[in-house]
Amino acid sequence: MGKTVLVTGATGYIGGRLVPRLLEAGHTVRVLARSPQKLRDVPWVDDVQVLRGDLEDRGSLQEACTGVDVVYYLVHSMSSGHGSFEDAETASATNVAAACCDAGVSRIVYLGGLHPQGATLGPHLRSRTRVSEILMDSGVPTITLQAGVVIGSGSASFEMIRQLTEVLPAMVAPKWVRNRVQPIAIRDVLHYLASAADIDETLNRTFDIGGPDVLRYDQVMNGYAREAGLPYRPVIPLPVLTPWLASQWVNLVTPIPRKLAVPLIGSLQFDCVVQERDIDKYIQPPEGGPTPYAKAVRLALTKMDAGDIETTWKNASVAGAPSDPLPSDPEWAGHTVFTDEKERATTATPDQLWKVIEGVGGENGWYSLPAAWAIRGWMDKLAGGVGLRRGRRHPHELHAGEAVDFWRVEHLERGKMLRLRAEMKVPGRAWLEMSVENTADGGALYRQRAIFFPRGLGGRLYWLAVLPFHGLIFRTMAHRITEMAAGQGR
């Protein structure tokens with residue numbers, strides 16, 4: 001029989017894929033999200049109950065857990081190991097544990113990290129282990145599924161493997177490339193997660209899950225190379241490359257930002273292999289058995305080639321990035337605001353113009369001075385930001401809340417207006433708006449507006465420094481967008 005299920009982390013990589021599978025299994029699903037607008041365009045949103053809430057807010061958790069049978073805890077902090085993120089994760093887990101206990105929830109399911117017993121763990125794996133302990137001590141039967149490297153289109157682990165292998169013909173790597181890992185296909189992770197809702201026994205324990213292949217990390221990269229049709233990549237391990245240096249290298253040569261590279265590298269410091277297969281006593285293995293690594297890579301590449309990526313690490317919230325929406329124009333009174341506005345008419349139809357606008361970023365670029373955009377992206381990377389190579393989930397379609405290089409879609413009125421909020425390192429808050437208006441002659445009017453709220457003197461000096469470049473970049477951008485739109489009708 002279907003159960004009532006609450007999913008936390010539904011805007012994330014795993015949660016966004018789990019929800020439709022729970023619906024297919026006949027469960028009634030509600031999701032808790034700090035920013036419900038991020039879910040506005042997902043295909044399953046009308047089939048679930050969306051609640052606004054935060055794991056730090058016990059009141060919203062109590063409401064969300066009332067009447068729920070199973071709670072999925074799929075929220076992980078992937079910020080850097082600095083600051084109080086461990087305290088924040090401990091507090092969130094404590095709140096969830098208390099809310100589940102008070103509401104009479106029958107089961108908690110948590111996705112943790114695979115790690116060896118007795119090892120001195122880094123901050124991220126240590127925090128995941130602590131969260132698991134808090135949930136299992138809650139009095140609510142808890143299943144923690146411990147997975148290692150997840151292979152699937154849009155996975156951060158897979159993206160790091162892909163980028164390192166494709167960019168570098170040979171690699172000088174840290175000694176951990178000789179460590180053994182047990183990759184698992186995203187489809188298998190979702191199989192175990194979805195099936196865990198139907199376990200009626202009052203189990204309160206961890207389970208290791210992994211694929212059938214135990215590989216060294218250098219074999220993982222060359223396994224990708226084989227499936228992608230690339231030559232063998234020699235990998236030379238050096239003991240002098242520390243995890244910190246390795247994360248800086250990953251930050252520079254891949255789209256993975258430093259704050260995400262740190263926990264990914266940290267999870268590779270040990271042999272991370274399955275120690276027990278007890279999960280098979282309670283959940284039937286995936287049909288045909290666990291997915292081999294080579295097949296998981298092929299499936300991921302097929303999805304990417306088809307542009308069929310359900311969720312991606314790129315859309316995860318960026319710690320420290322501005323998240324407040326653009327205030328309305330009347331609220332600017334009394335505040336320092338800098339704008340750069342462009343307007344250009346075109347013979348293209350509004351639909352043709354919108355198609356170009358919605359295709360901005362990623363492989364399509366920014367329609368002006370690509371070298372200048374690339375330099376700004378590298379500057380952001382060096383400063384610890386996300387950089388320009390984060391790309392986008394789909395080459396032609398955007399949804400609210402999605403990442404586009406170092407921007408995020410804040411507001412989208414398809415066919416009319418796109419507003420992007422800056423997530424690059426900048427002394428202030430910035431937005432870029434592109435909109436379409438119909439004209440009497442059947443053409444279209446393109447409007448473009450860059451908006452910057454400076455922070456302190458540094459923000460004002462920053463705007464003055466980049467003003468000459470903005471004038472050229474944004475003018476060229478408006479010209480190229482309208483020209484490309486008009487060219488579609490020829």
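These values consider heavy atoms only, across backbone and side chains, with no hydrogens, waters or symmetry-generated copies. Sequence positions, counted from 1, serve as the residue numbers for this chain. Remember, predicted model here, so these are calculated numbers, not experimental data.
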Interatomic distance, [X] atom [atom1] to [Y] atom [atom2] [nearest 0.5 angstrom]:
X	Y	atom1	atom2	result
Ile161	Ile256	CD1	CD1	10.0 Å
Cys100	Arg107	SG	CZ	11.5 Å
Asp405	Asp380	CG	CG	10.5 Å
Trp407	Leu432	CH2	CG	5.0 Å

Those residues at least two apart in sequence (or on a different chain) that pass ring-ring contact (aromatic ring centres under 6.0 Å, His included) with Trp373 are Trp366
Between the side chains of [Y] and [X], is the shortest nitrogen-to-carboxylate-oxygen separation below 4.0 Å, so that they form an ion pair?
X	Y	result
Arg21	Glu310	yes
Asp57	Arg34	no
Arg130	Glu133	yes

Quiz question: by atom type and distance under 3.5 Å, do the side chains of Glu410 and Trp431 form a donor-acceptor pair? yes
Tell me whether the centres of the aromatic rings in Tyr282 and Phe207 are closer together than 6.0 Å. yes
Please assess Lys303 against Asp308 for the test salt bridge (charged side-chain N to carboxylate O under 4.0 Å, His left out), listing each intermediate value before the final yes or no. CA-CA 5 Å; Lys303 290 271 190 180; Asp308 182 21; 3.4 Å; yes
Nearest heavy-atom approach of Ala185 to Thr291 is CB-CB, 3.7 Å
May I have all residue pairs that pass side-chain hydrogen bond (donor to acceptor under 3.5 Å, both in side chains) and include part of residues 207-227, sequence neighbours excluded? Gln146-Asp208, Glu166-Tyr224, Arg178-Asp218, Arg216-Asp218, Glu227-Arg298
